[in-house]
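To find a chain, count down the sequence lines: A is the first, B the second, and so on, and within it residues start at 1. Being a predicted model, the structure only gives us computed values, none of them experimental. The figures that follow rest on heavy atoms only: side chains count, while hydrogens, waters and symmetry mates do not.
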Amino acid sequence: MNRIEIRDESCKGCQYCVIFCPRELVQIDKGRINALGYNPARFVDNPDRPCRGCALCAEICPDALIEVYRKEKGRS
Amino acid sequence: MNRIEIRDESCKGCQYCVIFCPRELVQIDKGRINALGYNPARFVDNPDRPCRGCALCAEICPDALIEVYRKEKGRS
Amino acid sequence: MYYDVIFSGFGGQGVLLIGDILAQAAMLENRHVTWMPSYGVEIRGGAASCTVVISSQKIGSPITEEPCGLLAMSKPALLKFQHKVKKGGLLVVNTSFVEPEMITREDVIKICLPASEISYRETGDYKMANAVLLGAFVSLSRVVTLQGMEEALGVFFKEEKQKLLPLMIKALQYGSEFVCAGMNGDG
Amino acid sequence: MYYDVIFSGFGGQGVLLIGDILAQAAMLENRHVTWMPSYGVEIRGGAASCTVVISSQKIGSPITEEPCGLLAMSKPALLKFQHKVKKGGLLVVNTSFVEPEMITREDVIKICLPASEISYRETGDYKMANAVLLGAFVSLSRVVTLQGMEEALGVFFKEEKQKLLPLMIKALQYGSEFVCAGMNGDG
Amino acid sequence: MALTKVFTRPDSLRDLDFHFCPGCHHGTAHRLICEAIDYHGIKKKTIGIPGVGCGVFLYNYFDLDVCEAPHGRAPAVATGFKRVLPQNIIFTYQGDGDLGSIGMSEIIHTANRGENITVFFINNSVYGMTGGQMAPTTLPGQKTTTTPYGRDFRTEGYPIRMTEMLAPLEGVAFAARVSLHTPSQVKKARKAVLRALDIQLKNGGFSFVEFLCACPTNWGLSPRQCIEKIDKEMLQAFPLGTYKDRQGS
Amino acid sequence: MALTKVFTRPDSLRDLDFHFCPGCHHGTAHRLICEAIDYHGIKKKTIGIPGVGCGVFLYNYFDLDVCEAPHGRAPAVATGFKRVLPQNIIFTYQGDGDLGSIGMSEIIHTANRGENITVFFINNSVYGMTGGQMAPTTLPGQKTTTTPYGRDFRTEGYPIRMTEMLAPLEGVAFAARVSLHTPSQVKKARKAVLRALDIQLKNGGFSFVEFLCACPTNWGLSPRQCIEKIDKEMLQAFPLGTYKDRQGS
Amino acid sequence: MSERKILRGCVALAEGAIAAGCRFYFGYPITPQNDIPEYLSARLPQVEGVFIQAESEIASINMLLGAAAAGARAMTSSSGPGISLMQEGLSYMAGSELPGLVVNITRIGPGLGGIAASQGDYRQATRGGGHGDYHLIVLAPNSVQEMYDLTIKAFYLADKYRNPAMILSDAILGQMKEPLSLDPPPLVLPEKPWALTGARGRKAQLIKSLYLADGEMEQHNWHLHEKYRRLEREEVLVETDLEEKMEVLLVAFGSCSRMVHSAVELARSRGIRVGFLRPVTVYPFPRQALREVSREVGKVLVVEMNTGQMWDDVRLSLYPGCRAGLLARPGGGIPAPGQILAEIENLVKAGDGIDESVYQA
Amino acid sequence: MSERKILRGCVALAEGAIAAGCRFYFGYPITPQNDIPEYLSARLPQVEGVFIQAESEIASINMLLGAAAAGARAMTSSSGPGISLMQEGLSYMAGSELPGLVVNITRIGPGLGGIAASQGDYRQATRGGGHGDYHLIVLAPNSVQEMYDLTIKAFYLADKYRNPAMILSDAILGQMKEPLSLDPPPLVLPEKPWALTGARGRKAQLIKSLYLADGEMEQHNWHLHEKYRRLEREEVLVETDLEEKMEVLLVAFGSCSRMVHSAVELARSRGIRVGFLRPVTVYPFPRQALREVSREVGKVLVVEMNTGQMWDDVRLSLYPGCRAGLLARPGGGIPAPGQILAEIENLVKAGDGIDESVYQA
Ligand SMILES: Cc1ncc(C[n+]2csc(CCOP(=O)(O)OP(=O)(O)O)c2C)c(N)n1
Ligand SMILES: Cc1ncc(C[n+]2csc(CCOP(=O)(O)OP(=O)(O)O)c2C)c(N)n1
Ligand code: SF4
Ligand code: SF4
Ligand code: SF4
Ligand code: SF4
Ligand code: SF4
Ligand code: SF4
Ligand SMILES: [Mg+2]
Ligand SMILES: [Mg+2]
């Protein structure tokens with residue numbers, strides 16, 4: 001149930017998040033063109049290999065568009 | 001019979017030649033002031049320790065004022 | 001004879017190129033001509049446009065406040081320039097990218113054509129939309145002859161690019177025919 | 001009242017300093033005064049000189065073409081400046097370095113003194129020759145009082161340098177006395 | 001079960017879209033610096049000085065006092081600032097054209113003086129802003145708009161390695177080269193940025209971080225291809241690492 | 001028995017007294033360069049470009065074509081010459097203020113381009129011509145007219161070692177530091193000068209010779225004391241040696 | 001017959017340089033002149049020329065100094081801030097009497113400025129931005145054809161007078177395309193016995209700007225001054241389009257003169273008798289020509305894309321009694337023909353004796 | 001009572017800076033201004049100030065830019081070639097509206113030049129040697145007292161107008177000693193809410209010269225222009241020494257005006273009615289004052305130590321019908337009072353309507 005939020009109206013479709021998500025949960029939305037004229041990235045969770053909340057996608061997004069939500073660990 | 005010639009009217013009395021002659025054959029002529037206003041260096045040969053023609057004095061003179069004359073070696 | 005036109009669209013749509021071609025054609029027909037791209041600050045942006053002035057006299061300003069014609073390939077282009085067009089001037093709009101409702105001018109000659117679709121249909125490539133629009137523009141404005149245009153095209157599509165030449169010509173002709181058909185049909 | 005004088009010699013002889021002292025004395029006596037060193041191109045050289053102008057009025061040019069006085073401590077100094085001295089002006093020459101025969105001007109008041117020897121004799125140091133000459137110059141020109149000079153000296157010889165002050169004063173006085181003696185003797 | 005936001009934009013970074021091209025790493029560098037400013041809690045005493053290049057509009061994005069500097073001269077401007085405001089945190093943000101070409105003299109002398117400032121250096125191997133001309137860091141053989149036949153080292157020289165050149169200077173307390181092309185490199189880069197500012201906070205002297213960055217537009221490559229180029233070519237020419245890290249005094 | 005003249009002024013050195021102060025090593029450097037020009041027989045194709053400093057009047061002494069250059073920019077001027085006249089021999093002659101301070105950018109980029117010229121660098125640790133101000137090579141603690149309290153490395157930095165900085169650049173074929181304070185050092189210096197010009201003759205790339213020199217006037221020392229200072233202090237801060245010697249291609 | 005092509009202004013200029021025999025380019029990137037180095041980086045190697053991207057504008061101008069001293073036709077180009085950085089080098093070149101071409105495709109100033117068209121560097125170009133008593137020869141094209149022709153001319157004048165020359169242009173002229181005839185005059189490269197090429201077959205010689213003997217610098221300054229006066233006498237270029245009984249004379253240079261000429265045509269079509277004068281050389285400025293023309297017209301309107309820089313030159317030239325007003329648009333503003341026309345009409349209506357006032361946009 | 005001391009001009013200037021609250025100096029050695037950095041390198045640490053020997057003049061001006069942007073009173077000094085290298089930075093400072101003092105103890109130009117006194121940088125100083133539409137505030141002292149006083153004034157004006165100021169002096173004034181009163185006005189450092197000191201307690205702010213929005217640069221240029229016009233209205237300083245029914249008016253600035261004033265005294269002692277006018281601010285130039293004075297005298301003689309640079313400003317100011325001749329001595333030549341007197345006498349004899357000719361030495 002971890003998840004990410006992409007501010008997709010500002011996304012430039014560079015695909016870095018797509019390339020680096022270890023779970024392949026980010027895709028380029030070919031069916032949409034945002035106001036900037038790009039096909040934005042989209043988070044598509046997959047129950048088989050759910051989001052780790054690892055934030056690699058966020059780390060690599062050069063436009064700082066990704067927020068990551070993680071379920072609290074027991075201990076912390 | 002090796003010897004040096006110092007263009008003493010251009011000498012600035014820096015004493016480098018005096019310092020570096022291994023035979024102590026160059027002296028500052030305290031009794032003379034040249035046109036530049038300096039006490040110039042003077043070559044004073046000494047039969048006890050004659051000039052080697054080594055040109056160390058000439059090598060070190062920053063004003064390029066010293067010429068060195070050496071007797072020809074037998075072989076050369 | 002004096003005519004000035006603004007070609008405007010997104011970067012990559014080839015508006016600078018068709019301006020260039022028109023200028024070339026005008027030169028071949030022994031007109032005076034200037035081609036002036038827009039330029040902004042040192043910052044990257046999507047818009048591209050150019051102004052072409054054609055005249056039988058020496059040309060003063062290469063910039064125009066009140067163009068005789070506007071060829072708009074994108075929404076921002078239309079919005080930015082349509083109000084400037086001279087009364088009775090010419091407005092050529094690519095409706096593949098612009099909704100016709102966005103045209104607010106009533107006092108100009110308008111021609112709307114879905115150039116990108118036409119381009120794809122006629123040449124198998126979306127990229128010839130600019131030529132389609134240029135064909136339409138030239139046929140209507142008659143600032144140069146269509147023949148002159150084709151000759152000018154030859155200057156641009158040489159060597160490796162030569163294979164594009166027939167496509168370009170086809171697109172150009174289609175745009176032109178589109179207009180003539182309309183003219184004949186409408187009156 | 002207006003007086004201008006050039007002090008000139010080799011670098012190291014202290015001609016700039018005595019110019020400075022004279023200027024200081026003039027200020028203490030509420031005169032207008034300027035002190036102007038010579039300056040050349042960016043190249044090292046032996047000559048040094050300065051011009052001091054003293055006036056009861058605001059001073060225009062700090063440079064002079066026709067000085068009232070010249071104090072020459074070296075041959076080049078004499079050769080360079082003696083022809084400039086105003087007719088009837090004053091020429092003070094250090095004959096320890098300059099042969100009196102080199103003085104070609106006849107239309108000026110001349111005073112020749114072997115200042116370096118005097119300095120050595122009177123103060124045990126060759127270096128006060130400048131003060132000896134200054135003393136002579138001031139006594140003859142009377143542009144400032146000898147007392148003013150001594151006061152001015154106090155400004156320059158402070159702290160570590162204070163021990164030089166008595167020597168300086170002595171040299172100054174000797175130069176002055178030399179002149180007065182001559183004046184009395186000669187006429 | 002509650003979800004915690006574990007990654008978001010730093011506070012010092014304004015909520016504004018970057019003007020950078022898709023895949024340009026200027027944005028990543030911007031974010032990392034803002035994160036470090038937030039981490040150290042120095043937003044209210046930091047002054048940024050961008051060089052002229054695609055980073056020149058830094059003032060739009062950083063919620064800080066910012067001063068423009070002539071092309072290449074940011075280190076001199078920063079020196080002026082730091083001497084007047086020794087308690088403030090001063091950084092420059094310069095491209096490879098700005099710092100390595102026209103500003104070579106300023107960066108070396110500022111580093112040599114041990115000026116207590118931090119320099120962030122964006123090495124994308126071209127002049128981004130002016131349209132992709134050769135930079136001092138352009139790779140041998142690389143085509144740019146002013147090396148249409150590829151950079152020829154015989155007449156145009158080899159890429160200059162700024163970090164290696166600066167690190168030996170005594171005034172330099174910290175010098176590191178990082179890259180921004182993979183998430184793990186970004187994490188390392190974060191540490192270098194934090195350390196550089198930390199040193200300044202401790203009056204340790206001059207600190208320097210070089211970022212290897214992509215310029216997809218002027219490399220004529222997709223962002224994806226850019227990652228590859230960095231991996232295969234840039235890393236060879238510009239080895240990553242911390243070249244110097246001296247304890248602050 | 002006949003006496004042979006075994007040492008005299010080189011032909012390229014005009015029969016004129018130097019304007020340099022007593023004990024100044026500019027004269028020695030002048031002589032060595034002229035000797036090397038004579039040795040290589042290149043007097044008629046050599047062009048000298050002095051920087052601005054006490055060596056600026058080189059044109060009075062060298063019997064060569066000589067071109068003035070703005071302070072610090074001799075390497076750029078030399079580049080212009082060499083590109084127009086690749087068959088000629090081009091050298092610059094620059095002081096430590098000229099080359100190491102204002103001209104830092106030009107020397108580094110010229111070296112990095114591997115420009116096939118020779119640079120003679122007179123390091124006397126001060127600005128001689130302008131009256132003894134601090135140079136980039138001034139030693140820590142050294143008093144100059146602009147460091148009346150001694151150079152403070154905390155605000156003014158450490159002496160910059162130009163030879164060490166340039167040698168690693170790929171374009172550099174030869175880089176050596178020599179000294180002129182003893183006859184045996186002068187002999188070593190002669191070899192370095194010869195080698196540097198030789199490399200240029202063979203189109204080997206950029207060659208560089210740094211001379212440690214005394215400025216008795218601005219050091220406030222007698223020439224004799226200067227020798228000591230070079231021996232005790234300069235050699236420590238600026239180790240002698242050939243830092244690079246690449247075969248010409 | 002001469003070849004006709006449509007070229008961008010910057011490219012025409014680059015081709016002009018090549019036609020003039022220039023084979024050496026040194027420069028540093030800056031918008032809006034990058035078309036020149038980019039084009040030449042590809043073009044020069046084709047003609048065995050040398051293109052160097054210098055590390056800075058300071059390096060550029062000094063490489064140019066070196067190449068010029070070696071006797072070559074050589075050039076650099078830049079814009080605003082880059083030209084400012086060249087001022088020391090330009091002063092040295094003028095002082096050492098070295099020819100060479102510097103192109104300024106201006107941007108807005110002061111400071112970083114913008115890259116839109118501006119004429120704000122007129123003073124810097126014509127008054128000498130560097131130190132000392134000197135001038136550049138400054139040519140201000142107003143068409144792509146002139147970007148080509150005047151570049152050739154500039155090299156010729158630079159060599160003839162042994163003085164650096166400048167092309168003062170802007171983003172409009174640099175970016176726009178127009179047809180031009182590539183019709184270079186036959187290339188005759190002058191002898192340069194003063195150039196330094198190694199002392200083979202002659203005595204060693206020098207190029208320098210500093211003269212040390214007594215009075216030598218003063219003499220050198222007068223020598224340079226005499227050269228500038230000769231330029232004023234012999235090399236002034238001016239374009240005029242006059243009428244009988246003019247009511248008002250318009251003066252403008254460079255790209256701005258294009259808008260002004262459009263306005264002149266407009267005004268004439270409305271029956272106003274307007275004259276037009278364009279300095280083509282802005283240094284030497286056509287003082288004499290303007291003086292003579294202004295004798296016949298009481299009112300002059302200067303139009304500039306700055307806050308009024310050439311205005312000074314115009315007022316220094318006018319026939320006594322004649323007054324000049326100013327229509328100024330700095331910072332990228334372009335005086336549109338309509339705006340100029342309105343000003344002309346105001347002026348005509350205003351009656352006699354206009355005030356020397358500034359008309360802002 | 002104020003302290004009186006004999007000081008060298010450069011030292012007086014340095015003391016003036018300290019009296020004005022300047023605590024930051026950045027500079028690079030160059031003759032004949034080395035007395036300023038050398039003196040301040042010892043003096044500033046005594047007042048907790050900072051002295052930095054920059055690596056170049058470019059670094060100097062940009063350090064100054066930084067210090068000024070941080071809100072400090074700061075300065076640099078240089079001469080000829082060094083000032084040329086600062087032109088880009090000066091243009092940025094003017095464009096970013098940053099105060100700060102630049103001192104030019106001029107040397108001969110163009111090029112390397114010599115270190116003797118010259119006024120050949122007048123055009124560069126007053127016309128803006130850098131790119132774009134801007135001006136420096138330029139003060140030209142003619143005594144050691146003014147080296148002190150005008151330095152204080154320059155800091156004050158720079159802050160008031162947020163514009164860089166320049167002291168335009170020369171080797172004569174820099175080297176000479178005169179008595180002066182060290183009588184600084186009470187030091188009131190202005191608030192600088194625009195300065196960058198970190199955004200504590202307020203919003204983050206910017207200092208920049210580039211404005212991107214449509215029309216913003218044009219507006220910014222007019223804003224700067226309005227500042228220069230205000231300077232012209234409110235800050236002109238001029239010294240006059242006039243007579244009734246003057247036969248000729250002499251105009252000179254800086255050290256040259258000293259020789260000219262001597263000549264004026266000489267002429268008066270010979271019964272010639274001569275007036276004297278000295279621009280103290282050379283930018284803003286006293287156009288209005290000169291216009292008014294020249295109304296009463298038909299003949300003006302400009303005396304300059306260059307080939308005639310201020311001459312333009314004088315001619316732009318004169319009352320219509322009044323003409324100005326020029327006595328010029330560039331390259332280190334000093335117009336001696338006797339030479340000037342001779343010229344005055346010629347002029348008086350010449351009758352009406354002198355020609356605008358150049359009198360060379
Ligand atoms: C003095 C000066 N010269 C040239 C320029 C033009 N210019 C603007 S940015 C830039 C270089 C940009 O390259 P870089 O520093 O590598 O930054 P990037 O855009 O690649 O991040 C240049 C040359 C300028 N503004 N000022
Ligand atoms: C642009 C510029 N700045 C400053 C100067 C003044 N200047 C002349 S020589 C010199 C430095 C001399 O020092 P260095 O290069 O070490 O040579 P040295 O005299 O010690 O041999 C300086 C700063 C100048 N001529 N031009
Ligand atoms: S947080 Fe990790 S797993 Fe989740 S989308 Fe991002 S990269 Fe993929
Ligand atoms: S990394 Fe960021 S900008 Fe790139 S595609 Fe993903 S969300 Fe969009
Ligand atoms: S040649 Fe050698 S031995 Fe002879 S004087 Fe010179 S140093 Fe002495
Ligand atoms: S080394 Fe030369 S200058 Fe020095 S004392 Fe000896 S001869 Fe004279
Ligand atoms: S041009 Fe290059 S550096 Fe500039 S924003 Fe685009 S990708 Fe980034
Ligand atoms: S000042 Fe120094 S460097 Fe210059 S000539 Fe004298 S000793 Fe040599
Ligand atoms: Mg870059
Ligand atoms: Mg030195």
Does C:K127 NZ have over 12 foreign heavy atoms under 6.0 Å away?
-> no
Atom CD of C:E99: over 12 foreign heavy atoms under 6.0 Å | yes
Atom CD1 of C:I63 and atom OG of G:S255: how far apart are they, to the nearest 0.5 Å?
-> 7.5 Å
Which atom names give the shortest non-hydrogen contact between C:D20 and G:K177, and what distance separates them?
-> OD2-NZ, 2.6 Å
Minimum heavy-atom distance C:M27-G:I6, with the two atoms named = SD-CG1, 3.6 Å
May I ask you to check whether over 12 heavy atoms, not counting those of C:F157, lie within 6.0 Å of atom CZ?
-> yes
Do side-chain atoms of G:S262 reach the backbone of C:S61 as a donor and acceptor pair under 3.5 angstrom?
-> yes
What is the minimum heavy-atom distance between C:P62 and G:M259, and which atoms define it?
-> CD-CE, 4.0 Å
Counting heavy atoms not belonging to G:R270, are there more than 12 under 6.0 Å from its CZ?
-> no
Counting only heavy atoms not in G:Q46, do more than 12 sit closer than 6.0 Å to its CD atom?
-> yes
Exactly one candidate in C:V33, C:N30, C:L28 meets side chain to side chain contact (heavy atoms under 4.5 Å, CB included) with G:P179; the answer is C:V33
Heavy atoms of other groups near C:K86 NZ, more than 12 under 6.0 Å | yes
With chain C, which of G:H261, G:E178, G:E265 has the greatest number of heavy-atom pairs at distances under 4.5 Å?
-> G:E178
Should G:M176 and C:T51 count as side-chain neighbours, where that means a heavy-atom distance under 4.5 Å?
-> no
So, the part of C:Q24 with a heavy atom under 4.5 Å from chain G: the answer is both
Residues G:Q175 and C:P37: closest non-hydrogen pair is O-CD, 3.5 Å
